[in-house]
Number of protein chains: 2
Amino acid sequence: MISGKFAISIHILTLLAKFPDEYLSSEFIASSINLNPVLVRKEIANLKKNQIVMSKEGKNGGTKLNISPSKVTLKQIFESTFEEISLGFSKNEPNPKCPVGKEINQNLSALYTTLNDSVMKQLEATTLEEFANKF
Amino acid sequence: MISGKFAISIHILTLLAKFPDEYLSSEFIASSINLNPVLVRKEIANLKKNQIVMSKEGKNGGTKLNISPSKVTLKQIFESTFEEISLGFSKNEPNPKCPVGKEINQNLSALYTTLNDSVMKQLEATTLEEFANKF
DNA sequence: AAATTTGTAACATAATTTATTACAGTATGA
DNA sequence: TCATACTGTAATAAATTATGTTACAAATTT
C-alpha cells in the first residue's frame with residue numbers, strides 16, 4: 001500500500017495553478033479531491049514548509065501558489081510529501097549472524113538509492129505548469 | 001507504506017544463489033529473514049509461478065533455484081511480487097464535475113507508467129547473480 | 001461583533017500487512 | 001511400514017498504517 005499524499009498534493013497544486021490569483025479554501029479543494037478538508041490542510045502544511053504555497057487565515061482566506069507553476073517541479077512536490085521511492089524492506093531485523101541477513105538491507109538501500117535518483121531526475125524534468133496544462 | 005515482498009523475495013533468492021545445490025527449508029530461510037516460515041512459503045509460491053524456483057515436499061524437502069542466477073533479473077523478481085511502482089492515488093473517486101478531478105487519475109497514471117518503465121529497465125539490467133555477488 | 005476560514009490536536013475507523021495456528025498431503029529413510 | 005520432517009494452504013488474529021471525524025482556538029474580513 002502506498003499513501004495518496006503525492007496524488008493529493010499534485011491535485012491541490014493543479015487546482016491552484018488553474019486559479020492563479022484566488023485563495024482557494026480547503027473545502028473547495030476537498031470537494032474536487034473528494035477528501036476531508038482537514039487532510040487537505042495537512043498536505044497544504046507540507047507544501048508550505050517548502051514555500052510552494054502560501055495561505056491566509058480568516059474569512060475569505062485560503063491557499064494560493066507562492067511561486068510560478070513554471071518554477072515548481074514534480075520533484076519538489078514529491079519531496080514535500082516526505083515519501084521515498086523504495087521497493088520496501090522486510091519489517092524485522094534480519095539475522096545478523098547470517099552473511100546474507102547481515103548485509104541485505106544495506107544492499108537493498110544502495111539499489112533503491114539508484115532507482116530513486118533516476119525517478120527524481122524524471123520528476124525534476126516536469127514542471128507543475130506542464131502537468132497542469134494537460135487538463 | 002510499501003510491503004516487504006520484494007525484499008523478502010530477493011532475500012530468499014540470494015540465499016538460494018549462495019547454496020546452489022541444496023534444498024533450503026522455509027524455516028532456515030525464515031530464520032535469516034527473521035520472518036514467519038509461512039510467509040516465506042507464500043513468497044516462494046509466487047516465485048514458483050514464474051518458474052524461478054522449484055520446491056520439493058516431504059522430508060529433506062525445500063526450495064532451490066530453477067534457473068541460473070545469471071539468467072534471472074531483478075525485474076523478474078519484482079514482477080513475481082505483483083507489485084507496481086506508483087506514487088499513489090487518492091483513495092476516493094475525485095469529483096467528476098471538476099475539470100481537474102475528472103482527469104487527475106488518468107494524468108497520474110500516465111506519469112506513473114513512464115516512471116515504471118524506467119525503473120523496470122534498471123531492474124532488468126541487474127541479475128540475481130550480480131546482486132548476490134555483493135555479499 | 002458576526003461570519004468564515006486556517007491550524008492543529010485528539011481520537012475513531014478502515015484497510016493493509018504481518019503473524020500465528022492448524023492440518024492435510026508428500027517424500028525420506030530407519 | 002511407520003515416524004519424521006518437510007511443503008501448501010486456509011483461516012484467523014494482531015499489528016501497523018492510512019484515512020476520516022470532531023472539536024475548537026486563532027486569525028481575518030466585512
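Values below: every heavy atom of this structure, side chains too, minus hydrogens, waters and symmetry copies. Just so we're on the same page: letters track the sequence lines, and every chain starts at 1.
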Residue pair Phe89(B)/Gly61(B) against DNA chain D: nearer the 5' end by closest nucleotide is Gly61(B)
Mind checking Lys5(B) for me? I need base, sugar-phosphate or nothing, with any heavy atom below 4.0 Å counting as a touch. nothing
Find the distance Glu83(A):CD to dT17(D):P and express it as a whole number of Å. 13 Å
Within less than 4.0 Å of OP1 or OP2 of dT20(C), is there a side-chain N or O belonging to Asn36(B)? yes
Rounded to whole Å, the CD1-C1' distance (Ile44(B) to dT9(D)) equals 14 Å
Spacing of Ile2(A) atom CD1 relative to dA18(D) atom C1', expressed in whole Å: 12 Å
Apply the test side chain to side chain contact (heavy atoms under 4.5 Å, CB included) to residues Ile10(A) and Phe78(A): give CA-CA distance (whole Å), side-chain angles for both, the deciding distance (0.1 Å), then the verdict. CA-CA 8 Å; Ile10(A) 203 168; Phe78(A) 181 73; over 6 Å; no
NA contact type, Ser26(A), heavy-atom cut-off 4.0 Å: base, sugar-phosphate, or nothing? sugar-phosphate
Closest approach to the side chain of Val38(B), judged atom by atom: which nucleotide of dT9(D), dG20(D), dT28(C) is it? dT9(D)
In whole angstrom, what separates Lys91(B)'s NZ from dT17(D)'s P? 18 Å
Could you tell me how far apart Arg41(A) (CZ) and dG20(D) (C1') are, to the nearest whole angstrom? 13 Å
Whether Asn92(B) contacts dG20(D) is assessed here as follows: a side-chain N or O lying under 4.0 Å from the phosphate OP1 or OP2. Is that the case? yes
Could you pull out the closest heavy-atom pair between Leu123(A) and Thr73(A), with the gap in Å? O-CB, 4.0 Å
Calculate the interatomic distance between Leu35(B) atom CG and dT16(D) atom P; express it in whole Å. 14 Å
Assuming nearest nucleotide by heavy-atom distance, tell me which of Lys56(A) and Ile8(B) is located more 5' along DNA chain C. Lys56(A)
Give the rounded distance in Å between these two atoms: CD of Glu43(B) and C1' of dT9(D). 14 Å
Listed nucleotide nearest any side-chain atom of Lys59(A), set dT28(D), dA27(C), dT18(C): dT28(D)
Check whether the side chains of Ser9(A) and Glu43(A) place a donor and an acceptor atom closer than 3.5 Å, and report yes or no. yes
Would one find a side-chain N or O of Ser25(A) under 4.0 angstrom from OP1 or OP2 of dT4(C)? no
For Lys42(A) and Thr63(A), take the nucleotide of DNA chain C holding the closest heavy atom to each; which residue's nucleotide lies nearer the 5' end? Thr63(A)
Quick check on the 6.0 Å ring-centre criterion: do Tyr23(B) and Phe19(B) meet it? no
Looking at the side chain of Ser55(B), which of dG8(D), dT4(D), dA3(C) is the nearest nucleotide? dG8(D)
Considering residues, nucleotides and ligands other than Glu129(B), do more than 12 of their heavy atoms fall under 6.0 Å from its CD? yes
Measure CZ/Phe28(B) against P/dT7(D) and give the value in whole Å, please. 12 Å
Could you tell me whether Asn60(A) contacts a base, only the sugar-phosphate backbone, or nothing, with contacts defined as non-hydrogen atoms closer than 4.0 Å? sugar-phosphate
Atom CD of Glu130(A): over 12 foreign heavy atoms under 6.0 Å: yes
The nucleotide from dT18(C), dT30(D), dG8(D) with an atom nearest the side chain of Leu39(B) is dT18(C)
